[in-house]
Number of protein chains: 2
Amino acid sequence: MATIHDVARAAGVSIATVSRALNGGSRVNAETRRHVLETAATLDFRPNHAARGLATGKLGNVGVLLPDVANPFFGAVLAGITRAAQERGFGVFVADSREDAGGEPELAGRLSQQVDGLVLVAPRMPDDDVLTYSERRPTVLVNRLVGGVDGVAVDAAQGMSDLLTQVALLGHRHVCYLDGPSESRAGTAKRAGLTAAAERHGIDLHVEQSDSPTFAAGRAAAQRVLDSGCTAAVCFDDLLAWGVMTRVRELGVDVPGRLSIAGFDDSLEEGMVTPGLTTVAARNREMGTIAAGMLERRLRDASLSPTTEVLRCNVVVRGSTGSAPA
Amino acid sequence: MATIHDVARAAGVSIATVSRALNGGSRVNAETRRHVLETAATLDFRPNHAARGLATGKLGNVGVLLPDVANPFFGAVLAGITRAAQERGFGVFVADSREDAGGEPELAGRLSQQVDGLVLVAPRMPDDDVLTYSERRPTVLVNRLVGGVDGVAVDAAQGMSDLLTQVALLGHRHVCYLDGPSESRAGTAKRAGLTAAAERHGIDLHVEQSDSPTFAAGRAAAQRVLDSGCTAAVCFDDLLAWGVMTRVRELGVDVPGRLSIAGFDDSLEEGMVTPGLTTVAARNREMGTIAAGMLERRLRDASLSPTTEVLRCNVVVRGSTGSAPA
DNA sequence: GTGAAAGCGCTAACAT
DNA sequence: ATGTTAGCGCTTTCAC
């Protein structure tokens with residue numbers, strides 16, 4: 001692979017001139033510059049990123065730490081980050097903690113060696129660790145907020161609150177909330193939003209726990225939801241709701257006639273399930289895009305005061321919710 | 001951030017000794033080494049990856065180029081790669097081409113600056129380009145094979161062939177194949193397997209095109225599938241099959257009574273759709289894992305002759321296929 | 001077994 | 001406008 005020296009020799013100039021021509025182009029004769037660029041092109045020269053990083057202290061890369069790339073939720077966030085970063089000329093490093101918060105410190109440490117900044121999508125990481133990393137490198141948090149650190153999150157409390165308001169308007173008085181993993185920060189916000197709204201509307205909110213936010217877990221919890229005697233079930237996420245809905249219908253329960261069901265995320269396309277699932281649109285990809293933008297701003301100006309963005313999320317009403325049975 | 005110099009000073013040795021202690025540990029007094037390691041730990045020293053890369057010519061990173069991180073299919077592949085690479089101590093660089101083959105050269109070029117090897121998940125990239133990149137950097141291909149380049153792929157032809165055999169055993173004589181995007185290499189293999197099996201079993205195979213492998217496209221194509229007069233429909237992937245199934249059932253068509261439907265990938269969990277979708281299990285994550293392993297082997301020994309691995313895939317029979325109507 | 005010193009490819013003063 | 005040179009943090013001969 002050609003180096004800057006090869007180009008310099010071939011073009012008959014010094015490496016400094018090559019460097020200038022390649023970069024801004026300031027303080028170089030236009031003609032010289034043209035010539036250098038041309039030579040570089042014919043030699044198929046590509047600046048060595050590592051070397052440039054060493055010299056400038058800027059790697060031109062951002063790192064993303066997340067629990068599971070294969071999970072569509074995180075996949076969408078990653079897509080948002082990656083595309084936005086690429087457009088701004090940044091490379092993207094990804095580390096997958098396999099949903100194991102214990103491995104995160106190690107991964108984050110290795111990541112930070114190669115990047116200028118970090119995007120943390122780590123719902124289960126302790127706040128202290130978040131602070132530690134954010135001191136080492138410019139950091140932005142996704143779907144969670146910690147004081148003093150840049151972050152973007154969906155307002156899950158507001159989303160759930162609005163959702164429950166909808167449900168209340170339909171006349172439901174006994175609502176079951178099927179929660180996700182208890183350590184998740186998102187779960188806390190969702191519960192808070194629901195509790196507040198339940199109080200406001202005089203709703204009796206019954207909480208059931210599920211160990212993981214999956215379709216299978218939803219199926220498994222369906223009977224418990226029915227047994228609660230509630231007329232509506234709100235679930236931690238769409239997969240869980242999907243599972244509940246599938247199972248209760250198998251049991252001959254009319255949805256929404258006898259049980260209304262709602263989820264969170266809006267990850268199911270129109271028509272994928274019948275009736276369509278009422279849910280809250282979570283804007284994952286957008287969070288990724290915004291996070292990348294925030295990180296870039298911070299990298300350009302470290303003195304910025306911490307920014308935080310909370311995205312409103314909208315309730316999407318479909319056929320799985322209806323009036324409470326008389 | 002502590003550098004090797006800081007550690008050397010703190011430990012009272014030279015940077016050379018620190019370097020030796022940190023790496024193999026050969027030619028260092030055991031006691032000295034212990035001491036150095038300890039000081040390094042207390043200083044929270046992390047070797048600068050870029051600097052090490054410059055000095056050794058090895059970056060310790062692999063690059064992954066794929067069309068869309070948010071697509072569950074590629075997400076699974078990426079998860080496989082990432083986890084395997086991480087375990088081997090490699091960092092993972094990802095580039096997302098947004099399903100735009102035109103942008104791939106640029107991305108691949110930038111990628112290759114920072115990585116020791118490349119994993120290409122690029123179904124639409126021309127063979128010539130694949131060869132170009134593979135000459136620049138050790139490369140392994142996922143879900144596609146090009147002569148002389150390492151690669152791992154699912155035997156889509158075999159999978160589809162087995163699937164069609166199943167369908168033939170159920171008595172179907174007129175089968176419609178709903179294809180995916182025409183440029184996809186995977187599509188070619190699938191078609192080949194189907195055509196061969198159709199001939200073997202004396203089946204009349206009718207091909208319909210769909211522009212994208214999505215749920216919505218499946219719905220849109222449903223009417224055409226019905227109009228073909230076939231008693232069974234095999235689809236390019238599960239999403240497409242799901243779309244077709246949903247739509248035809250809305251139209252009052254009995255599945256599998258009047259129309260049997262099958263997909264490819266096995267991306268839907270048991271119970272997610274009713275009836276369960278007959279499909280072919282595609283082993284995406286496994287491809288990723290294998291790809292990472294191949295790449296590491298190649299990086300260790302460039303003289304290896306090109307390796308290729310083709311994974312058999314199994315038909316998963318569920319309720320969406322049944323005997324042909326009399 | 002350990003240290004001194006020469007780079008790896010590049011940028012950024014500083015000269016000219 | 002261009003060339004010279006000193007590093008960036010690390011590995012790796014080569015002496016000692």
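Values below: every heavy atom of this structure, side chains too, minus hydrogens, waters and symmetry copies. Residue numbers start from 1 in every chain, and the chains themselves are labelled A, B, ... in the order their sequence lines are given, proteins ahead of strands.
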Please tabulate, for the side chains in residues 53-62 of chain B, all donor-acceptor contacts under 3.5 angstrom to protein atoms that are two or more places apart in sequence or on a different chain.
{"unit_1": "B:Thr56", "atom_1": "OG1", "unit_2": "B:Arg52", "atom_2": "O", "d": "2.8"}
{"unit_1": "B:Thr56", "atom_1": "OG1", "unit_2": "B:Lys58", "atom_2": "N", "d": "3.0"}
{"unit_1": "B:Thr56", "atom_1": "OG1", "unit_2": "B:Lys58", "atom_2": "O", "d": "3.2"}

Practice prompt. Sugar-phosphate means primed atoms, P, OP1 and OP2; the rest is base. With that split, encode nucleotides 10-16 of chain D 5' to 3' as B, S or - using protein heavy atoms under 4.0 Å.
Written response: BBBBB--
Under the side chain to side chain donor-acceptor pair (under 3.5 Å) test, which residues partner [X], sequence neighbours left out?
X: A:Asn284; value: none
X: B:Ser305; value: none
X: B:Arg46; value: none

Worksheet item: Given axes from five pairs at either end, by how many degrees does the helix from C:dG1-D:dC16 to C:dT16-D:dA1 bend, rounded to 10°?
Response: 40°
List the atom pairs, with distances to 0.1 Å, where a side-chain N or O of residues 288-297 of chain B and a protein N or O form a donor-acceptor pair under 3.5 Å, not counting sequence neighbours.
{"unit_1": "B:Thr289", "atom_1": "OG1", "unit_2": "B:Arg285", "atom_2": "O", "d": "3.1"}
{"unit_1": "B:Glu296", "atom_1": "OE1", "unit_2": "B:Arg88", "atom_2": "NE", "d": "2.7"}
{"unit_1": "B:Glu296", "atom_1": "OE2", "unit_2": "B:Arg300", "atom_2": "NH1", "d": "3.0"}

Practice prompt. Assess whether side chain to side chain contact (heavy atoms under 4.5 Å, CB included) is satisfied between B:Thr139 and B:Asp150, documenting all intermediate values.
Written response: CA-CA 7 Å; B:Thr139 298; B:Asp150 290 343; over 6 Å; no
Worksheet item: By side chain to side chain contact (heavy atoms under 4.5 Å, CB included), which residues pair with A:Thr132, not counting sequence neighbours?
Response: none
Please tabulate, for side-chain N and O atoms in residues 11-18 of chain B, each donor-acceptor pair with protein atoms closer than 3.5 Å (sequence neighbours left out).
{"unit_1": "B:Ser14", "atom_1": "OG", "unit_2": "B:Ala16", "atom_2": "N", "d": "3.3"}
{"unit_1": "B:Ser14", "atom_1": "OG", "unit_2": "B:Thr17", "atom_2": "N", "d": "3.4"}
{"unit_1": "B:Ser14", "atom_1": "OG", "unit_2": "B:Thr17", "atom_2": "OG1", "d": "3.4"}

Worksheet item: With A:Arg185, which residues qualify under salt bridge (charged side-chain N to carboxylate O under 4.0 Å, His left out), at least two apart?
Response: A:Asp127
Worksheet item: Which nucleotide of DNA chain C is the first, and which the last, in the 5' to 3' direction, to come under 4.0 Å of a heavy atom belonging to chain B?
Response: C:dG1 to C:dG9
Can you list, pair by pair, the side-chain donor-acceptor contacts under 3.5 Å of residues 70-77 of chain B, counting residues two or more places apart and other chains?
{"unit_1": "B:Asn71", "atom_1": "OD1", "unit_2": "B:Phe73", "atom_2": "N", "d": "2.7"}

